Amino acid sequence: MEVNNRYITIKTHIEGAPKESDFELKSAALALSIEDGSNDVIVKTLYVSIDPYQINRMKSYSPSHKAIVGAARITPGEAIDGHGVAKVVVSGNPEFQKDELVVGLISWGEYKLVKGGGGLRKLEPMGFPLSYHAGIFGYSGLTAYSGFFEICEPRKGEKVFVSGASGSVGNLVGQFAKLFGCYVVGSAGNNEKVALLKEKLGFDDAFNYKEELDLKATLGRYFPDGIDIYFDNVGGEMLEAAVANMNLFGRVAACGVISEYTNASKRAAPNMLDVVYKRIKIQGFLVPDHLNLYADFISTISDHLRNGKIQSLEDISNGVESIPSAFIGLFQGDNIGKKIVCVAQD
Ligand code: NAP
């Protein structure tokens, strides 16, 4: 049997903000069979995670390309890989059986032939929606968990600032910090998001950064006693303003710099005298370095979800053709919570 596999590619490398015309929906016939003796697996995509880091892979040059395999440059015209949830359609691999659910590295397309089944693992839904396994149980959740608990080294009662706070990683960082006993303020890009942080997710306070003219003064107002921990999802002038308001021995988890991804000339220049004299630790981190925490993370987050102590925020679009707009929307603040595309229900 053969299917018409539709998948998303980029037409050329992308240097600024992504736009619809940068992408193409291609299709190719794919035989749903594998060679005798091969341990390859063909999977059908159900849910795919939409993540900001992919924009750096789409550039002709980015320092990220050589950092880790998963950040390698994307070749225009080729299928784009990404994390998500899929169903096994054909398998020559004894580890995977037809119709089993898997999670791992699949593609921005309807089907993928996975060589040797590499990068896949069996999925046990644990009674949660399948989309959770592309979102909160995936890299986004582990990023928030490892970044907050390992990199920020929190202590109860500390003052925590989270930027990108209504996004996939940010909303969870804020929820973890509140549960842990910290005072938490988040920034987000519109008033609906700000209300959600305060009224639904339990942040102590939140503000719309697009309405603020002087971020340094804004953070001074929200943190009259200074910031102990800054979880940075955005970089740029927000990082500069946060450093200016940090307390002695403050910690900054440099998770991402989305405000700089689509603007090559933008670079944060935090005052290094503040960093030195206040003995501030600024630490970058990448979630694949923290897979040792995965089991602990899953057991903690699933308990919290079952007990209603953590909420999962998801923003789901439908159909492979909606992947470009879902992705573009990340850089325009369209999403609330984890952006996911449901490519097929089953
Ligand atoms: P996300 O926050 O769910 O989505 C992106 C959000 O970023 C948008 O909704 C928008 O919200 C905000 N944004 C877009 N352009 C912005 C700009 N110019 N200035 C300020 N905010 C902007 O995405 P995510 O998956 O949770 O990722 C958040 C950050 O973590 C990204 O920087 C990402 O690269 C990073 N990350 C790092 C790791 C790691 O291992 N270190 C892993 C996953 C993600 P607003 O409406 O608030 O503007």
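FYI, side chains are in, hydrogens and waters are out, and symmetry mates aren't considered; it's all heavy atoms of this structure. The model shown is predicted, which means the values in this text are computed figures rather than measured ones. Atoms within a ligand are numbered from 1 in the order they appear, just like the ligands themselves.
Using a 3.5 Å distance cut-off with no hydrogens or angles, the side chains of Ser21 and Lys11 do not pair a donor with an acceptor. For the residue pair Ser91/Asn93, the side-chain donor-acceptor check at 3.5 Å is not satisfied. Side chains of Lys112 and Thr45: a donor-acceptor N/O pair is absent below 3.5 angstrom, by distance only. Neither side chain, Asp51 nor Tyr53, offers a donor N or O lying under 3.5 Å from an acceptor on the other. For the 3.5 Å distance criterion, the side chains of Asp228 and Tyr183 fail to qualify, holding no donor opposite an acceptor. Using modelled atom types, one finds a donor on one side chain and an acceptor on the other under 3.5 Å when comparing Asn171 with Gln175. With 3.5 Å as the limit, one finds a donor-acceptor pair spanning the side chains of Asn191 and Glu211.
For atom 48 (O) of ligand 1, the nearest non-hydrogen atom of the protein is Tyr209 OH, 2.5 Å. Protein heavy atom closest to atom 47 (O) of ligand 1, with residue, atom name and distance, is Gly189 N, 2.9 Å. Annotation: atom 16 (C) of ligand 1 to nearest protein heavy atom, Ile258 CG2, 3.9 Å. Protein heavy atom nearest atom 38 (C) of ligand 1, with residue, atom name and distance: Thr143 CG2, 3.7 Å. In terms of protein heavy-atom proximity, atom 37 (C) of ligand 1 is closest to Cys255 O, 3.1 Å. Of all protein heavy atoms, the one lying nearest to atom 32 (O) of ligand 1 is Asn233 O, 2.9 Å. Scanning the protein for heavy atoms near atom 25 (O) of ligand 1, the closest one is Pro52 CD, 3.3 Å. Distance from atom 10 (C) of ligand 1 to its nearest protein heavy atom, with residue and atom name: Gly333 CA, 3.6 Å.
Between Lys122 and Glu95 there is no salt bridge, since no side-chain nitrogen of the basic residue lies less than 4.0 Å from a carboxylate oxygen of the acidic one. The existence of a salt bridge linking Arg6 and Glu110 is confirmed by a sub-4.0 Å separation between a basic side-chain nitrogen and an acidic carboxylate oxygen. The pair Asp204-Lys178 meets the salt-bridge criterion, since a charged nitrogen lies less than 4.0 angstrom from a carboxylate oxygen. One finds no salt bridge joining Lys44 and Asp99 here, because no Lys/Arg side-chain nitrogen approaches an Asp/Glu carboxylate oxygen to under 4.0 Å. For the pair Asp81 and Arg57, the salt-bridge criterion is met [side-chain N within less than 4.0 Å of a carboxylate O].
Distances from ligand 1 to the non-hydrogen atoms of Phe331 include at least one value under 4.0 Å. Residue contacts with ligand 1 include Gly337, since one or more of its heavy atoms lies under 4.0 Å from the ligand. Proximity of Lys193 to ligand 1 is established by a heavy-atom distance of less than 4.0 Å. Using a 4.0 Å heavy-atom cutoff, Ser140 is absent from the residues neighbouring ligand 1. Using 4.0 Å as the threshold, Asn190 has no heavy atom nearer than that to any atom of ligand 1.
Some N or O of Ser168 is nearer than 3.5 Å to an N or O of ligand 1, by distance alone. Residue contacts with ligand 1: Phe285 is placed with a nitrogen or oxygen under 3.5 Å of a nitrogen or oxygen of the ligand (distance criterion only). Among the atoms of Tyr261, some N or O lies under 3.5 angstrom from an N or O of ligand 1.
Which parts of ligand 1 touch Gly256 is read off a 4.0 Å heavy-atom cut-off, strictly below it: atoms 32 (O), 35 (C). Close approach to Val169 involves these atoms of ligand 1, each under 4.0 Å from a residue heavy atom: 26 (O), 44 (C). Each of the following atoms of ligand 1 lies closer than 4.0 Å to a heavy atom of Gly167: 1 (P), 2 (O), 3 (O). The Val287 neighbourhood of ligand 1 comprises atoms 39 (C), 40 (O), with distances under 4.0 Å to a heavy atom of that residue.
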| message | Evaluate Ser168 against Ser140 for side chain to side chain donor-acceptor pair (under 3.5 Å), listing each step before the verdict. | response | CA-CA 6 Å; Ser168 172; Ser140 300; 2.9 Å; yes
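Residue contacts with ligand 1, taken as heavy atom pairs separated by less than 4.0 Å, involve Val234 solely via side-chain atoms from C-beta onward. Both the backbone and the side chain of Ser259 come within 4.0 Å of ligand 1, judged by heavy-atom distances. Proximity of Thr262 to ligand 1, defined as any heavy-atom pair under 4.0 Å, is not found for any part of the residue.
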